[in-house]
Protein chains: 2
Amino acid sequence: MSEPNDMTGQPKRVPSGHAHHRCDQCDVRHKAMCAAVDVADNDRLAAIVSHRDVAPGQVIFEEGETADYAYNISSGEVRLYKLLPDGRRQITGFLASGDFLGLVSDDAYAYGAEAITPVELCCMRLTNLERLIADIPPVREKLLDMSHDELAAAQEQMLLLGRKTAREKLLSFLLVRHDHADPQPEDGTVHLPMSRTDIADYLGLTIETVSRTFTALRDEGLIELPDTHTVRFPDIEAVRDAAEAW
Amino acid sequence: MSEPNDMTGQPKRVPSGHAHHRCDQCDVRHKAMCAAVDVADNDRLAAIVSHRDVAPGQVIFEEGETADYAYNISSGEVRLYKLLPDGRRQITGFLASGDFLGLVSDDAYAYGAEAITPVELCCMRLTNLERLIADIPPVREKLLDMSHDELAAAQEQMLLLGRKTAREKLLSFLLVRHDHADPQPEDGTVHLPMSRTDIADYLGLTIETVSRTFTALRDEGLIELPDTHTVRFPDIEAVRDAAEAW
DNA sequence: TCGGCTCATTGATGTGCCTCAAGTTTTGCG
DNA sequence: CGCAAAACTTGAGGCACATCAATGAGCCGA
């Protein structure tokens, strides 16, 4: 469990090196897999994976595309989305380092994926991954657990989309971001790398409503907005009360 | 693959016996597991499962309850839902025979489940099921595939909830019911065992809007409403066009 | 430093769906 | 059958959020 902070002078590609995952060109050891794979297996894993960098705004894969690869995020933030023929977009989730994407039963991706920030991916062919799942029990447990967690998150999001007001949606979103932030940041600070448009498409709102709701919450004193991509909670308990659903 | 239609005089508890699953007190052989389990394993499965009947409207389990059992539906229809503290409800899915429910990574159910029609369940302790997953590869593949399918369905539902109009929501719902109907019924008939309230809570609408939208679609000639729980498509292609998203 | 771009905010107005309130039909049960 | 409760439909009016439009703030290349 205790991973030594590595001493090797690593090229500083990973912005702020977290303890668990380094995939520098691609000596695996991702957070998600770290718990699952022992040292011997790590070599086997490293033989399978390759590396890919994606610039902000760039497509990782598109909905409907033939699914060859699954990815584990080494660093950066990703949005998943689905589109309607007329261009309406629903973002179905934001993923960060340690998360998997591209796992499907069908042979086509069920959603599109794009980089929000610069993203580093650890790639593996689905066929190889399936062999790994079959051979290494902890890996499949991890993946099965993760898909259950994803499903629970999806259901929570359905509740949000179907039954919450704009204000509740935004507060829930901020609280989830806060509580699930990767390296739990000091005090009540939440970082939002994505644009207002992304937030709107995630919450089933328009950018104007998102913007107005931010302003309203600021005017009420529930949040502070040091800059567009940062939110701070002066009193997080008050925020939880206001969100009601928790 | 070819299951003999069984000759044993079975008590006619299962309403309209489908070929694949019979769980009569509980000689398993469910549709979902049928493909996964061979004859030898079927005995082992039968040793684990027990049987449970649930009347319409009754709770199967509640959100937050400690998750001891997973269930496979032998017959009947089930609704899954989440609640807000003030009573607002979001139905996250309808399940029918062959579907699993109660699979969680956490030790508590992430949602509640209630019977819509009379329901027959095939129950198994989660601890036992986990052993089965570990021992019988086809079972875990089946379950992993199914959870990927569920996730895809959840994402489709997020798109519906966040970005579709009431009319599009209802049409999408009817088309999915039509296309996924268990024994594909002749012509364009869709059976809706659930109430208008259930439909509303599934689509993120009110019962009044659901009712009005049904009426509007009928007046347009897109659907017929022989009775409250039945919809027919005179011209299903026209319906697909109207739904746009497909 | 400027001009042009993208992104966010703010305002005025519109509308799709919700809320409230009757009716009507269906269901369950003595 | 007959009554009551539940479920569904229909109507009138209101509101939360969308739409349309203008302004302001940050960013970057020339």
Side-chain angles (χ1 to χ4, degrees), chain A residues 55-58 79 84 86-91 114 116-118 160-174 191-220 223-231 244, chain B residues 55-58 79 84 86-91 114 116-118 160-173 192-220 223-231 244:
Chain A
Q58 292 309 110
R79 61 178 170 246
L84 289 175
D86 65 0
R88 281 174 287 175
R89 183 179 69 156
Q90 178 65 42
I91 290 184
E114 294 172 358
I116 292 174
T117 63
L160 179 148
L161 289 169
R163 288 296 178 227
K164 291 188 185 178
T165 64
R167 183 193 156 89
E168 291 168 332
K169 286 176 177 181
L170 196 50
L171 286 173
S172 299
F173 171 64
L174 294 175
H191 185 59
L192 305 173
M194 70 290 293
S195 68
R196 293 289 188 262
T197 303
D198 286 343
I199 296 175
D201 284 350
Y202 182 58
L203 301 180
L205 300 170
T206 60
I207 51 170
E208 293 94 332
T209 297
V210 169
S211 189
R212 274 186 253 270
T213 307
F214 267 123
T215 306
L217 294 174
R218 171 170 55 69
D219 292 349
E220 286 176 52
I223 63 172
E224 292 165 12
L225 294 168
D227 71 279
T228 320
H229 294 289
T230 311
V231 172
E244 258 284 22
Chain B
Q58 292 309 110
R79 60 176 171 249
L84 289 175
D86 65 1
R88 280 174 288 175
R89 183 179 69 155
Q90 178 65 41
I91 290 184
E114 294 171 359
I116 292 174
T117 63
L160 179 149
L161 290 169
R163 287 299 179 224
K164 291 188 185 178
T165 65
R167 183 192 156 89
E168 291 168 333
K169 286 177 177 182
L170 196 49
L171 286 172
S172 299
F173 171 63
L192 304 174
M194 70 292 290
S195 69
R196 292 288 188 262
T197 303
D198 286 343
I199 297 174
D201 285 349
Y202 182 58
L203 300 180
L205 300 170
T206 60
I207 52 171
E208 293 95 331
T209 297
V210 169
S211 188
R212 274 187 254 270
T213 307
F214 267 123
T215 306
L217 294 173
R218 171 170 55 69
D219 292 350
E220 285 177 53
I223 63 171
E224 292 165 11
L225 293 168
D227 71 280
T228 321
H229 293 288
T230 312
V231 172
E244 257 282 21

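A, B, ... follow the sequence lines: proteins, then strands. Residue 1 opens every chain.
Taking atom CG of L205(B) as the reference point, atom C1' of dA16(D) lies 15 Å away to the nearest angstrom. Nucleotide dA7(D) holds its P atom 13 Å from the CG atom of D201(B), rounded to whole Å. The CG atom of L192(B) sits 15 Å away from the C1' atom of dA7(D) (whole-angstrom rounding). As rounded to whole Å, 12 Å separates atom P of dC17(D) from atom CG of L160(A). dC17(D) atom C1' lies 15 Å from atom CG of L161(A), rounded to whole Å.
Residues L170(A) and I199(A) meet the side-chain proximity criterion, which asks for heavy atoms closer than 4.5 Å. Contact of the Q90(A) side chain with the L161(B) side chain is not registered, since no non-hydrogen atoms from C-beta on lie closer than 4.5 Å. Residues H191(A) and H229(A) form a side-chain contact, since some pair of their non-hydrogen atoms from C-beta on lies under 4.5 Å apart. Looking only at side-chain heavy atoms (C-beta outward), Y202(A) and L160(A) stay at 4.5 Å or farther from each other.
For the ring-ring contact (aromatic ring centres under 6.0 Å, His included) test, no residue two or more places apart in sequence or in another chain qualifies with F214(B).
Look at R89(B) and D198(B) and you find a salt bridge, because one of the NZ, NE, NH1 or NH2 atoms lies within 4.0 Å of a carboxylate O, short of that distance.
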Are any protein N/O atoms closer than 3.5 Å to N/O atoms in nucleotides 8-15 of chain D? If there are, list each pair with its distance.
from: dC8(D); atom 1: OP1; to: R196(B); atom 2: N; distance (Å): 3.4
from: dC8(D); atom 1: OP2; to: R196(B); atom 2: N; distance (Å): 3.2
from: dT9(D); atom 1: OP1; to: R196(B); atom 2: NH2; distance (Å): 3.4
from: dT9(D); atom 1: OP2; to: R196(B); atom 2: NE; distance (Å): 2.9
from: dT9(D); atom 1: OP2; to: S211(B); atom 2: OG; distance (Å): 2.7
from: dT9(D); atom 1: O5'; to: S211(B); atom 2: OG; distance (Å): 3.0
from: dT10(D); atom 1: OP2; to: T215(B); atom 2: OG1; distance (Å): 2.7
from: dG11(D); atom 1: N7; to: R212(B); atom 2: NH1; distance (Å): 2.6
from: dG11(D); atom 1: O6; to: R212(B); atom 2: NH2; distance (Å): 3.1

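Between atom CG of residue L174(A) and atom CG of residue L192(A) there is a gap of 6.0 Å, rounded to the nearest 0.5 Å.
G57(B) comes within 4.0 angstrom of nothing in the nucleic acid, heavy atoms only.
Nucleotides of DNA chain C with any atom under 4.0 Å from a heavy atom of chain A span, from 5' to 3', dA8(C) to dA12(C).
Considering all non-hydrogen atoms of both residues, R167(B) and T213(B) come closest at CA-CG2, 3.9 Å.
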